[in-house]
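Single-structure report; data block below.
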Amino acid sequence: MADCNSCKAAREPESVPYLVHESAMARAERAAKRLWVVIILLIVLLVGSNCAWIYYESQFETVTTTEIDAEQDGNGTNIVSGGDIYGAEGSH
C-alpha cells in the first residue's frame, strides 16, 4: 500500500520566494499597462482613419442628370454638350 504522506508531498507545488513573485507581478503589470496603451492608440487611429475617409468622400459632389439634350444630324453624328459621339442613327 502506498504512503499517503509521500503522495501529498509530491503534489504540492514548489514554493517561490516573495521577491521573485513580486518582480514577476511588476513585469506583468507593466505589460498590461503597455497593452492598454496600444489598445487605446489603435482605437484612436481607427476613429481617425474613418474620419479621414468621411472627409475625403465629402469633397465630391454627386450630380444626377435626368434629361440630356442631344441633336443628331443626317450623317449619324450625335452632338451632346459640344462633343461628338459616333453611332448609328436611332440606336440607344
Side-chain angles (χ1 to χ4, degrees):
M1 200 166 229
D3 184 15
C4 287
N5 291 333
S6 64
C7 182
K8 282 184 180 180
R11 289 186 181 178
E12 288 181 15
E14 214 176 298
S15 65
V16 177
Y18 181 74
L19 291 176
V20 173
H21 173 71
E22 283 295 316
S23 65
M25 293 304 296
R27 279 195 307 266
E29 288 173 4
R30 285 192 305 265
K33 190 175 186 179
R34 287 182 194 128
L35 287 175
W36 272 110
V37 169
V38 168
I39 289 170
I40 291 170
L41 177 67
L42 289 174
I43 290 171
V44 168
L45 290 174
L46 177 67
V47 170
S49 68
N50 286 339
C51 290
W53 275 112
I54 290 170
Y55 174 72
Y56 173 75
E57 288 295 327
S58 68
Q59 291 179 353
F60 301 104
E61 181 180 338
T62 304
V63 177
T64 305
T65 306
T66 57
E67 187 176 315
I68 298 175
D69 294 331
E71 299 175 12
Q72 185 174 23
D73 61 6
N75 297 330
T77 304
N78 293 327
I79 303 169
V80 180
S81 300
D84 292 340
I85 300 174
Y86 298 99
E89 188 174 332
S91 66
H92 295 143

### Query
Would you call the rings of H21 and Y18 parallel, tilted or perpendicular if under 30° counts as parallel and over 60° as perpendicular?
tilted

Applying a strict under-4.5 Å side-chain criterion to I, L, V, M, F, W and Y, I'd like to know whether W36 and V44 cluster together. no

Interatomic distance, OG1@T62 vs CD@E57, rounded to 0.5 Å, equals 9.0 Å

Taken in chain and number order and not counting sequence neighbours, the residues that satisfy side-chain contact (heavy atoms from CB on, under 4.5 Å) with Y55 are S58, Q59

Separation between CE (M25) and CD (E22), nearest 0.5 Å, reads 7.5 Å

Side chain to side chain contact (heavy atoms under 4.5 Å, CB included) test vs L42 passes for just one of I40, V38, I39, namely V38

